[in-house]
There are 2 protein chains.
Amino acid sequence: MIRVFIVDDHPVVIEGIHSLLQNVNGIEWAGHAMNAASCLGFFVNNMADIVLMDISMPGMDGVELCAVMKEKYPGVFILGLSTFNQGLYIKKMMENGASGYILKNSSKEDLIAAIHAVKDGNIFFSGEVGQALADYQKYSKSALPVLTPREKEVLELIAEGYTNPQIAEKIFLSPFTVDSHRKNLLAKLNVKNTATLIKLAVENKLI
Amino acid sequence: MIRVFIVDDHPVVIEGIHSLLQNVNGIEWAGHAMNAASCLGFFVNNMADIVLMDISMPGMDGVELCAVMKEKYPGVFILGLSTFNQGLYIKKMMENGASGYILKNSSKEDLIAAIHAVKDGNIFFSGEVGQALADYQKYSKSALPVLTPREKEVLELIAEGYTNPQIAEKIFLSPFTVDSHRKNLLAKLNVKNTATLIKLAVENKLI
DNA sequence: ATTAAAATACCCTTTTCGGGTGATTGGAAC
DNA sequence: GTTCCAATCACCCGAAAAGGGTATTTTAAT
């Protein structure tokens with residue numbers, strides 16, 4: 001028997017999931033909480049194998065609660081749950097020890113598959129979530145201005161630690177020109193200096 | 001019926017997986033290939049729903065083949081397969097469109113669960129693989145020298161684009177002191193300048 | 001042919017870098 | 001209890017590089 005607990009501030013969601021999981025072979029309803037505090041309260045005297053956890057809740061949110069729960073009860077597997085497809089939060093919650101992520105409007109089959117996968121220590125994402133993660137990456141990339149080939153070239157060399165004079169020598173340009181490309185990079189990407197330029201570039205996989 | 005194809009240069013693995021999947025309800029054996037080229041050859045005249053793909057193969061490796069396959073046949077789901085737990089390759093293969101990743105010595109149950117999850121467009125990692133990914137992150141972090149709290153603080157402010165004088169004002173220090181911390185960061189992390197400092201910091205999630 | 005974008009180039013000011021030096025503090029080891 | 005060390009703080013100098021602004025020449029596209 002897999003004991004499933006749910007934390008969500010929307011009664012409708014709790015009811016919905018509850019009825020979906022009712023009479024499912026091998027799954028037992030452990031209970032529910034409507035905020036982080038009462039979830040933690042529940043686990044003082046009770047146990048569950050899996051916690052379905054909303055990402056957005058009043059007070060402590062899912063991302064934080066996930067970290068606290070995994071700290072206190074490492075054996076409990078956490079499955080993120082959300083209506084909206086926010087790649088950033090999914091990522092954060094996974095970094096905090098969640099074992100997977102599904103949408104609240106997932107099919108019964110997906111929900112059960114996810115619960116079983118996670119129970120065995122595996123990691124499960126529903127397809128839409130995987131797509132959201134990918135889109136998140138792409139979005140943050142495509143929101144950036146297009147760099148010219150020369151600019152990319154200069155950017156890469158800057159990231160490798162070469163100075164303007166060194167880059168100039170490497171690609172047969174005047175140091176002034178390299179500097180111009182560098183300034184265009186700063187302007188295009190709307191950053192102040194080399195530090196923020198490189199930070200942005202690495203975070204968006206430009207280099 | 002889910003048609004499963006396998007690409008692996010080790011006959012033992014092909015045989016092993018084949019026998020594991022034999023007589024499993026809903027799963028059909030589509031065939032096998034022992035290198036990237038014959039896999040691509042197979043798909044010219046045939047189809048499969050899922051490809052179990054080795055990561056390390058002579059010639060074109062799994063990471064590359066994965067990209068080619070998803071380009072040509074986006075509807076085919078790819079499940080990475082490996083004996084060794086290399087976080088870096090897992091990451092690369094996922095970036096190239098794979099739908100999951102399991103170890104060759106996975107249990108029959110995990111293998112079947114993974115195939116079903118992936119077939120529905122979901123994403124599945126076996127627990128050990130998830131661990132490998134996490135370890136990979138931690139490993140690359142722990143190989144770095146330990147930074148003092150002050151150094152981390154300065155590093156973060158540099159990454160946010162503040163100059164030495166600005167940082168000095170912000171944390172009530174002499175600009176000289178900030179500069180000292182900055183130089184220590186460069187020395188400790190063995191980098192030349194701000195560009196490489198920030199690149200290393202972001203890549204290792206120091207900021 | 002016109003135009004916009006890209007690539008090129010220069011000057012001046014501010015900031016960083018590399019090379020030091022040295023005082024102070026708080027904890028760990030002897 | 002003293003010695004030692006790492007961390008933090010502070011300073012100086014000169015050379016090098018980056019940042020702000022401006023301007024000309026290619027190149028590609030319509």
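E169(B) meets the side-chain contact (heavy atoms from CB on, under 4.5 Å) test with no other residue; sequence neighbours excluded. Among residues two or more places apart in sequence or in another chain, the ring pair (Phe, Tyr, Trp, His ring centres under 6.0 Å) test is passed with H10(B) by none. Residues satisfying the side-chain hydrogen bond (donor to acceptor under 3.5 Å, both in side chains) criterion with T196(B), sequence neighbours excluded, are N193(B).
The list of salt bridge (Lys or Arg N to Asp or Glu O under 4.0 Å) pairs with a residue in residues 172-185 of chain B, not counting sequence neighbours, reads D179(B)-K183(B). Legend: salt bridge (Lys or Arg N to Asp or Glu O under 4.0 Å) pairs involving residues 28-51 of chain A, not counting sequence neighbours, sorted by first then second residue: R3(A)-E28(A). For residues 30-71 of chain B, the pairs satisfying ring pair (Phe, Tyr, Trp, His ring centres under 6.0 Å) are F5(B)-F42(B), F5(B)-F43(B), F43(B)-Y73(B), with sequence neighbours left out.
Only at 4.0 angstrom or more do the heavy atoms of residues 190-202 of chain B sit from any atom of DNA chain D, so none qualifies. Applying a 4.0 Å cut-off to non-hydrogen atoms, the residues of residues 147-174 of chain B that approach DNA chain D are T148(B), P149(B), R150(B), L173(B), S174(B), listed by residue number.
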Show me the donor-acceptor pairs, under 3.5 Å and distance only, between side chains in residues 107-120 of chain A and residues at least two apart or in other chains.
| unit_1 | atom_1 | unit_2 | atom_2 | d |
| --- | --- | --- | --- | --- |
| S107(A) | OG | D110(A) | N | 3.1 |
| D110(A) | OD1 | N122(B) | ND2 | 3.3 |
| H116(A) | ND1 | I112(A) | O | 3.2 |

Please tabulate, for the side chains in residues 150-158 of chain A, all donor-acceptor contacts under 3.5 angstrom to protein atoms that are two or more places apart in sequence or on a different chain.
| unit_1 | atom_1 | unit_2 | atom_2 | d |
| --- | --- | --- | --- | --- |
| R150(A) | NH1 | E153(A) | OE1 | 2.9 |
| E151(A) | OE1 | T148(A) | N | 2.9 |
| E151(A) | OE1 | T148(A) | OG1 | 3.3 |
| E151(A) | OE1 | K188(A) | NZ | 2.8 |

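Spacing between atom CZ of F176(A) and atom C1' of dG20(D) amounts to 14 Å, rounded to whole angstrom units.
For DNA chain C, the outermost nucleotides in 5' to 3' order that have an atom under 4.0 Å from a heavy atom of chain B are dT15(C) to dG19(C).
For the pair K70(B) (side chain) and V76(B) (backbone), a donor-acceptor distance under 3.5 Å is present.
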Listing time: all N or O pairs from protein to nucleotides 24-30 of chain D that are below 3.5 Å?
none

